[in-house]
Amino acid sequence: MLLYKLETVLTPGMTSGHYRFPFTIDKAFRQLRFHYVYAPKRLEDRQQSLELVKACYARYGFQINEAQAEAELPLSNLITLSVDSPEGLAGTAHRHADDAEYTIGPTFSSPGFHRMEIVAGEWAVTLSAHAVLSEKVVAEVSVYGD
Amino acid sequence: MAIDFYPFELHAHTRHSDGRFAPQELAANVASEKLTGFALTDHNTATGVPYAQEAADDCGLVFIPGIEWTTFYGHITVLGGDFGIDWRRICPSTVQKEAAFVKQNGGCVGIAHPCRIGYPICTGGSDEWGIEDYKDFTHYEIWSYADPSAEPTNVRAEARYRALAAQGSKLACVYGRDWHGGSGGLYASTFLGMDGKPDSRKALEAIRRGRSYVSLGIRLNATLSDGTGKKYCIGEEAEAGEYTLTISIEPPAEKGFNSGRLFEPQKVYVYTPQGQSICPLEKNQLELSLKAQKGFMQLAVDGRVDGLPRRLLIATPYYIQ
């Protein structure tokens with residue numbers, strides 16, 4: 001059953017921030033599933049991307065030519081998902097996937113997450129904005145209890 | 001006490017973060033390259049550790065549990081465990097305290113790829129912590145990725161490492177492949193010095209003591225001797241004064257790491273805060289009488305690998321009191 005649905009928007013100014021969204025589970029479950037989607041994954045504006053790459057290299061004291069800048073494309077948004085149980089950090093999915101499902105339970109958890117009992121209490125998802133390049137990135141997390 | 005040096009990979013990822021290897025595949029690849037052991041440093045999680053430990057045991061490898069704090073301000077490899085620290089609270093105002101906690105609890109904590117290009121190409125990839133004193137850290141990843149000594153960001157990291165040594169920092173120099181999958185290519189390894197059969201405790205101790213060098217494959221035997229016959233290992237503290245430095249370079253161990261490549265070591269660089277000396281190797285050997293002044297004395301070896309001119313090896317300095 002769907003326990004919690006988050007839809008939020010991240011913008012470039014939110015880069016380098018952690019955004020915590022708590023939710024309450026009122027009974028125990030066999031496992032939790034987190035369907036995590038965000039879009040767009042890539043910064044599609046090629047000219048903007050090239051300018052960002054060149055500016056980036058210049059900021060670090062390196063000059064690059066057009067071909068070297070091209071080699072860095074595409075630039076991507078990267079927003080990772082962490083889950084907190086009532087006891088603390090349950091795990092982090094540091095992945096580049098923009099559409100993924102993660103499971104947490106006592107006998108199986110997806111890589112990146114600890115195995116644990118699903119107990120009643122306050123849980124939370126945290127979106128960590130490693131890179132938000134697009135003007136607007138829409139992130140959705142659906143939490144299911146089985 | 002006889003210190004021997006063994007090749008390790010200290011920066012590797014699996015599917016527990018964004019790597020392409022299962023832990024078993026990572027261990028199998030480490031074994032196929034004849035490394036002595038490896039550390040698992042998945043991004044912001046250590047859930048792969050029990051699987052990697054089991055796989056390492058199956059392959060007869062030394063395994064070092066770890067994690068890579070992959071933050072917005074820099075990446076840090078933590079070796080020896082994850083120490084129960086929530087990576088999300090690592091920021092410029094907390095990083096020293098958390099690093100000190102790891103070090104005090106027997107772990108190693110070091111700056112990964114300090115000069116890599118950062119946001120938005122590799123967010124947090126560059127050391128932007130604003131750390132002024134690295135006393136709470138144990139190591140510094142001066143080489144990263146493939147063909148490391150030809151990579152401009154590593155050349156910059158090497159220079160920064162020496163600048164930190166000149167300021168009094170004592171950090172083991174390490175290499176990290178930042179291995180996310182695949183094999184082949186010209187990679188390096190961190191050689192860690194230990195007494196007796198290698199294990200993870202000794203590997204961590206080697207990093208803490210600075211008994212390390214990074215190498216494309218050749219092995220370094222370096223002995224710094226004072227007039228009394230006392231000998232010093234790289235990474236050790238020695239008094240200012242007259243010394244004899246004896247160096248011999250050996251090819252990779254037979255069937256060992258990068259043993260299929262042709263190495264031609266040509267000259268040794270001796271770096272100090274006062275400058276550098278360049279000494280040609282003769283039959284892969286060198287003996288120098290030198291006066292060590294307060295600061296540090298660091299060795300590097302240049303030459304050719306498979307015909308390509310490259311820096312072949314960089315060692316953690318001797319620290320001169």
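Just so it is clear, the values below take in all heavy atoms, side chains as well, and ignore hydrogens, waters and symmetry mates. Chain A is the first sequence line, chain B the second, and so forth, proteins listed ahead of strands; every chain is numbered from 1.
Comparing A:Leu52, A:Thr15, A:Val53, A:Leu78 by how many heavy-atom pairs each has under 4.5 Å with chain B, the most go to A:Thr15. Contacts with chain B were tallied for A:Gly17, A:Ala97, A:Ala55; A:Gly17 has the most, counting heavy-atom pairs under 4.5 Å. The greatest number of non-hydrogen atom pairs below 4.5 Å with chain B, out of A:Val132, A:Leu75, A:Asp84, is found for A:Asp84. With respect to chain A, the highest number of heavy-atom pairs below 4.5 Å among B:Asn44, B:Ile121, B:Asp86 belongs to B:Ile121. Put simply, of A:His114, A:Arg59, A:Arg95, the one with the most heavy-atom pairs under 4.5 Å next to chain B is A:Arg95. Most heavy-atom pairs under 4.5 Å with chain A, from the set B:Thr70, B:Thr71, B:Ile117: that is B:Ile117.
B:Ser17 touches chain A through backbone and side chain together, each having a heavy atom under 4.5 Å away. For a residue to count as touching a neighbouring chain, one of its non-hydrogen atoms must lie under 4.5 Å from one of that chain's; by this rule A:Ala93 does not touch chain B. Residue contact with chain A, scored on non-hydrogen atoms closer than 4.5 Å, involves the side chain of B:Glu128 exclusively.
Relative to the ring axis of B:Tyr161, B:Arg156 does not place its NZ or CZ within 45° and under 6.0 Å from the centre. By the 6.0 Å and 45° rule, B:Arg160 does not stack over the aromatic ring of B:Tyr140.
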### Test side chain to side chain contact (heavy atoms under 4.5 Å, CB included) applied to A:Trp123 and A:Tyr4, step by step
CA-CA 10 Å; A:Trp123 290 66; A:Tyr4 176 69; over 6 Å; no

### Query
Can you check side chain to side chain contact (heavy atoms under 4.5 Å, CB included) on A:Val37 and A:Val141, steps first, answer last?
CA-CA 7 Å; A:Val37 182; A:Val141 184; over 6 Å; no

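Look at A:Glu66 and A:Lys54 and you find a salt bridge, because one of the NZ, NE, NH1 or NH2 atoms lies within 4.0 Å of a carboxylate O, short of that distance. Using a cutoff of 4.0 Å between basic side-chain nitrogens and carboxylate oxygens, B:Arg88 and B:Glu98 are not scored as salt-bridged.
A:Ser82 and A:Thr92 are linked by a side-chain donor-acceptor pair at a separation below 3.5 angstrom, with hydrogens and angles left out of the test.
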